[in-house]
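Worksheet: the structure to be examined is printed underneath.
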Protein chains: 2
Amino acid sequence: MDTKIYAAKLRNVKLIPTIPRMAVLEFLEKNRTHPTAGEIYSAVKDCTPSLTKATVYNVLDAFKKVKTIQELTINREVARYDCNTDPHLHFFCRSCGNLHDIDLSCPIQPGEILFGHRVEGVQIYLYGVCAQCNNQCNNK
Amino acid sequence: MDTKIYAAKLRNVKLIPTIPRMAVLEFLEKNRTHPTAGEIYSAVKDCTPSLTKATVYNVLDAFKKVKTIQELTINREVARYDCNTDPHLHFFCRSCGNLHDIDLSCPIQPGEILFGHRVEGVQIYLYGVCAQCNNQCNNK
DNA sequence: GTGGCTGCAAATCATTTGCATATAC
DNA sequence: GTATATGCAAATGATTTGCAGCCAC
């Protein structure tokens, strides 16, 4: 783990660099698959055996607050985390279960006023069968 | 409760009309506030004392399958239910906690193919402070 | 009559909480 | 040295499950 880089990134957002924070940040930056808290925990625990899930949730909460990550609640079973905080769309494939990025910006942006409502955040979730699964078989 | 109307609506979607199904459907059609399963349970239990939450979930699952309702997972704590299944936007106010309809149709529609992905459903969630709360005080 | 639905109690599981210990500054 | 973060165990709470009895057809 390149401690210096991640320590500096954390200091930039006014977070004290700790081992769990650096490890989770590194994992998220290198794994753009929108992992769940459980997946993050399992992966990071290998290099940080004392890690607990509660700490993973603490770290993710801290990252959310400083907008280093965004939380995706595309299905209600489990939250997923994305270190790309530019507004973009997400596609959930019901066949393979993967969550894909869609490189379209959101037609509504934070800061807009819509019917008097002040928009601070936008999530656009698409559901269906992804390109790969469409090709592999004719999933209905 | 106008049993005949709701029984007919349920038969139209090939569901056996039962007391809990008719009661939940009536409640959802008359309360367009996107209630949670718990809110539906509390309200409907008054007229149907033997009702349980498990039955509410069963009924909601049946309605989802025949697309009589849509499930909204705008925050991960609890699902909300909407008997308006036309694609439209939802705005969650962090000040009052209400979930408002936004009368804009979705820019992406079910049936479209987007980067090869076959879109079957779309949810657009907006977060912020709603018009009412903006007026009442300068919530930051 | 029979299959599907309801009602009950217990289980599940992601997430949260309280608190003692450890760590960053 | 002090404030903050971690680690542990237990709690929370929405949702699910298994199953016996009931109802719609």
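Labels below follow one simple rule: chain letters A, B, ... track the order of the sequence lines, proteins then strands, and each chain is numbered from 1. Atoms considered below: every heavy atom in the structure, side chains included; atoms not considered: hydrogens, waters and symmetry mates.
- Taking only side-chain nitrogens and oxygens, B/R76 never comes nearer than 4.0 Å to OP1 or OP2 of D/dT15.
- When the P atom of D/dA24 is taken as reference, atom CG of B/L15 falls 15 Å away, rounded to whole Å.
- Between B/Y81 and A/L51, the residue whose closest nucleotide on DNA chain D is further toward the 5' end is A/L51.
- Between A/Y57 and C/dT15 there is a side-chain polar atom (N or O) within less than 4.0 angstrom of OP1 or OP2.
- Taking for each of B/E77 and B/A54 the nucleotide of DNA chain D with the nearest heavy atom, the 5'-most of the two is the partner of B/E77.
- Taking side-chain N and O atoms only, B/S50 has a distance below 4.0 Å to OP1 or OP2 of C/dG7.
- Contact annotation: A/R80 side-chain N/O to C/dA14 OP1/OP2 distance is not under 4.0 Å.
- Among the heavy atoms of the strands, none lies under 4.0 Å from A/A62.
- For the pair A/H117 (side chain) and B/A131 (backbone), a donor-acceptor distance under 3.5 Å is present.
- The aromatic rings of B/Y125 and B/H90 sit tilted, their planes meeting at an angle between 30° and 60°.
- If you check the side chains of A/D101 and A/H34, you find a donor sitting under 3.5 Å from an acceptor.
- At the phosphate of D/dC25, OP1 or OP2 sits under 4.0 Å from a side-chain N or O atom of B/R11.
- Within the structure, a side-chain polar atom (N or O) of A/T55 is placed less than 4.0 Å from OP1 or OP2 of D/dG7.
- Residue B/T18 places at least one side-chain N or O under 4.0 Å from the OP1 or OP2 atom of C/dT6.
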>> As a quick check of understanding, evaluate side chain to side chain contact (heavy atoms under 4.5 Å, CB included) for B/F63 and B/L10, giving each step before the final call.
In response: CA-CA 9 Å; B/F63 288 1; B/L10 288 168; 3.6 Å; yes
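- A sub-4.0 Å separation between OP1 or OP2 of D/dA5 and a side-chain N or O of A/R21 is present.
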